[in-house]
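Letters A, B, ... are given to chains in the order of the sequence lines, protein chains preceding strands, and every chain is numbered from 1.
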Protein chains: 2
Amino acid sequence: MKCSRCKEPAQIALPSHHAGFCEPCFLEFFRRQLERGIRKQKLFDHSDSILLAISGGKDSLALARELKAMEYDLTGLHVDLGIPGSSEKARAVVEAFCQAHDIPLVVVALEEEGIPIPEVKRRIHRPICSVCGKVKRYYFNKLAQDRGFTVLATGHNLDDEVARLFANTLRWDAAYLSDQGPLLPAEGGFARKVKPLWRISEYETAAYCFFTGIEYHMAACPYSEGASFTRHKKLLADLEEASPGQKLSFYQSFLESGRPAFAASEAEHGPELTPCAQCGYPTSAELCGVCRVRDALGQEPAA
Amino acid sequence: MKCSRCKEPAQIALPSHHAGFCEPCFLEFFRRQLERGIRKQKLFDHSDSILLAISGGKDSLALARELKAMEYDLTGLHVDLGIPGSSEKARAVVEAFCQAHDIPLVVVALEEEGIPIPEVKRRIHRPICSVCGKVKRYYFNKLAQDRGFTVLATGHNLDDEVARLFANTLRWDAAYLSDQGPLLPAEGGFARKVKPLWRISEYETAAYCFFTGIEYHMAACPYSEGASFTRHKKLLADLEEASPGQKLSFYQSFLESGRPAFAASEAEHGPELTPCAQCGYPTSAELCGVCRVRDALGQEPAA
């Protein structure tokens, strides 16, 4: 197989794009896909100050490296979940990476915030992934707001987005379908949220890390059981294999024709948000979800 | 396993309904699912005169037997496609069935109409399944209108509907998503169209035929290659196996939350229909699709 751009021997095949690339042309291709994703959905520009959530996995590190190389105003945010045997490794990877790439880094340690995830798991009898996700989003938003960033970015890739879209579509969950996408505008106390990797697959970010020598934190979270989400990803992989390009076209046509239909019908039904009585975070209840977790753990309110 | 209703030994397991049944209770269950599908979507009542398209496969025969037993005003319509080695068998099955069950039957032979499917396949260079479907729907509608039936019914089952919904959703095809469902009201020269088996799976109609001794036409159409439609059915079967009941809940939640969103956004965009200049059938072009097929075959217009 020859590289689709320069005709030298290809080092990676990308059936979804009906293409194959040598290493330099793949990196060029990756950059262009990222630029296209940013431009097409008007995610941000060089006047924005971007806070990027960096978990230490391949997606967030690949995105951090590229955004830095593209000279965006970039700061990293790592939430240390406090899971023994896992979180300290992820944090060390992120700290070393940011230092090596000259990216300013903010670390929030949930241990210091009084809500380490192992304690939450022990005390709160709801699926831990959903509670942990809520806590992380809380700090992503809070840091972005408190420190005046104009954009909050995450490393969600095409596979993440498609699996989530698929799950929401199986339920025809109009509330989620009305605002899922790579861009959520700033609104009512929330920073603008963007997912610049929305056009790029998991396989492509893994290849990017391989070619650029990024050493990322590989271990899956010890608490994730991966039930239906993983099953859907497998099913969507089968679909992609049978029809290369299907995932991206499913997601793109959703953004073009699906989301607008739900956005129109949901416009008037969204819940009213007010500041949390304890911490001021926007919420549809009296206390926000994280303050309720804190209360359940018997912790003092956040300063 | 015991029957979920009467506690006698079960003869069929239905994981989708978290149930198992003995033969009599399965037939009772089948009837109730059908009644529920008719009532919930207000498909028709005993004042309607129903024209049911009967191909000779398990779905249309099972539906014919049930609707007759429920004392609806029922007439069968069989379109003989004129495919050697296949159509004559299907037609014989339908004729024998309708005679045995005292159901009046109208047969349209495409050979006599001047557009037998083998000739269409030879001369028209488009996917034959889509052209054949168009021709069948044309005669379904035409007969229902010409003979004053108030309802046109087809034997599409839950698997058919879910596979079609899935394909339309992968493309987010707003025009199809705005009106897919078990009921399409009479409109602009089209009879009211209904799919009474929408809650019932292919497996359930096959079991129904087995238990009631219906001998149906089993052979797949020799022209169908079954590409993506079959692949999607396989994938949806995997999904159902992992989460029993998923297909019906996907389809039902679409009817509740998906379709209304698309119907609202598509209301003003539907194409204007006018009568075909040759045969009077409603069409968005000057000639309807079937008259264009006729013209391509060098046939005279229909009387």
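- Taking each heavy atom of B:F262 and A:S257 in turn, the nearest pair found is CE2-O, 3.6 Å.
- Atom CD of A:E286 is surrounded by 12 or fewer heavy atoms from other residues, nucleotides or ligands within 6.0 Å.
- For the atom pair OG (B:S243) and CG (A:L170), the distance works out to 8.5 Å, reported to the nearest 0.5 Å.
- For B:F166, the part sitting under 4.5 Å from any heavy atom of chain A is the side chain, from C-beta outward, and nothing else.
- Partners of B:H217 under the side chain to side chain donor-acceptor pair (under 3.5 Å) rule, at least two apart in sequence or in another chain, do not exist in this structure.
- Within 6.0 Å of CD in A:E187 there are 12 or fewer heavy atoms belonging to other residues, nucleotides or ligands.
- Among pairs with a residue in residues 171-180 of chain B, those fulfilling side chain to side chain donor-acceptor pair (under 3.5 Å) read B:N168-B:R171, B:N168-B:Q180, B:R171-B:D173, at least two apart in sequence or across chains.
- With a threshold of 4.5 angstrom between heavy atoms, A:E256 does not approach chain B through any atom at all.
- Separating the NZ atom in A:K234 from the CG atom in B:L235 is a distance of 9.0 Å, to the nearest 0.5 Å.
- Chain A forms more heavy-atom pairs under 4.5 Å with one residue of B:L239, B:D238, B:L177 than with any other, namely B:L239.
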